[in-house]
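A quick write-up on the structure given underneath.
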Amino acid sequence: MIAIYPHFCTSPEAQLWRGCKVLTLIHECTHFTDVFDSNDGMYGISIRLSFWAQTNPDHAIRNADSLTCYVGFEE
Ligand SMILES: [Zn+2]
């Protein structure tokens with residue numbers, strides 16, 4: 001089950017570097033225990049997340065937004 005805040009309904013379908021439906025769904029799916037069993041150590045898809053990940057690699061590997069970036073922006 002995924003609980004979605006009502007703002008989700010008015011979010012863009014997909015876009016880079018901002019909140020959107022695709023990234024929200026990816027984020028939420030990473031929390032499932034049979035997917036990545038991720039946590040929310042650091043929120044936000046931004047350059048700040050990248051700097052945090054470099055100094056916290058043990059946490060970043062299971063961080064929902066880090067995984068969201070990996071899945072959502074993989075070319
Ligand atoms: Zn989360």
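Whatever order the structure lists ligands and atoms in, that order sets their numbers, starting from 1.
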Determine yes or no for a side-chain-to-main-chain donor-acceptor pair under 3.5 angstrom, with Asn63 supplying the side chain and His59 the backbone. no
(request) Fit a plane to each ring of His31 and His27, take the angle between them on a 0 to 90° scale, and name the class: parallel (under 30°), tilted (30 to 60°) or perpendicular (over 60°). (result) perpendicular
Here the Zn ion (ligand 1) sees protein N, O or S atoms within less than 2.8 Å, and their number is 4
Are Leu25 and Tyr70 connected, step by step, through hydrophobic side chains (Ile, Leu, Val, Met, Phe, Trp, Tyr) whose heavy atoms are closer than 4.5 Å?
no
- Query: When you measure from the side chain of Ser66 to the backbone N and O of Arg62, does any donor-acceptor pair fall under 3.5 Å?
  - Reply: no
query: Is Asp65 reaching over with its side chain to a backbone N or O of Gly44, donor-acceptor style, under 3.5 angstrom?
result: yes
Shared hydrophobic cluster, Val22 / Phe8 (ILVMFWY, side-chain heavy atoms < 4.5 Å)
no
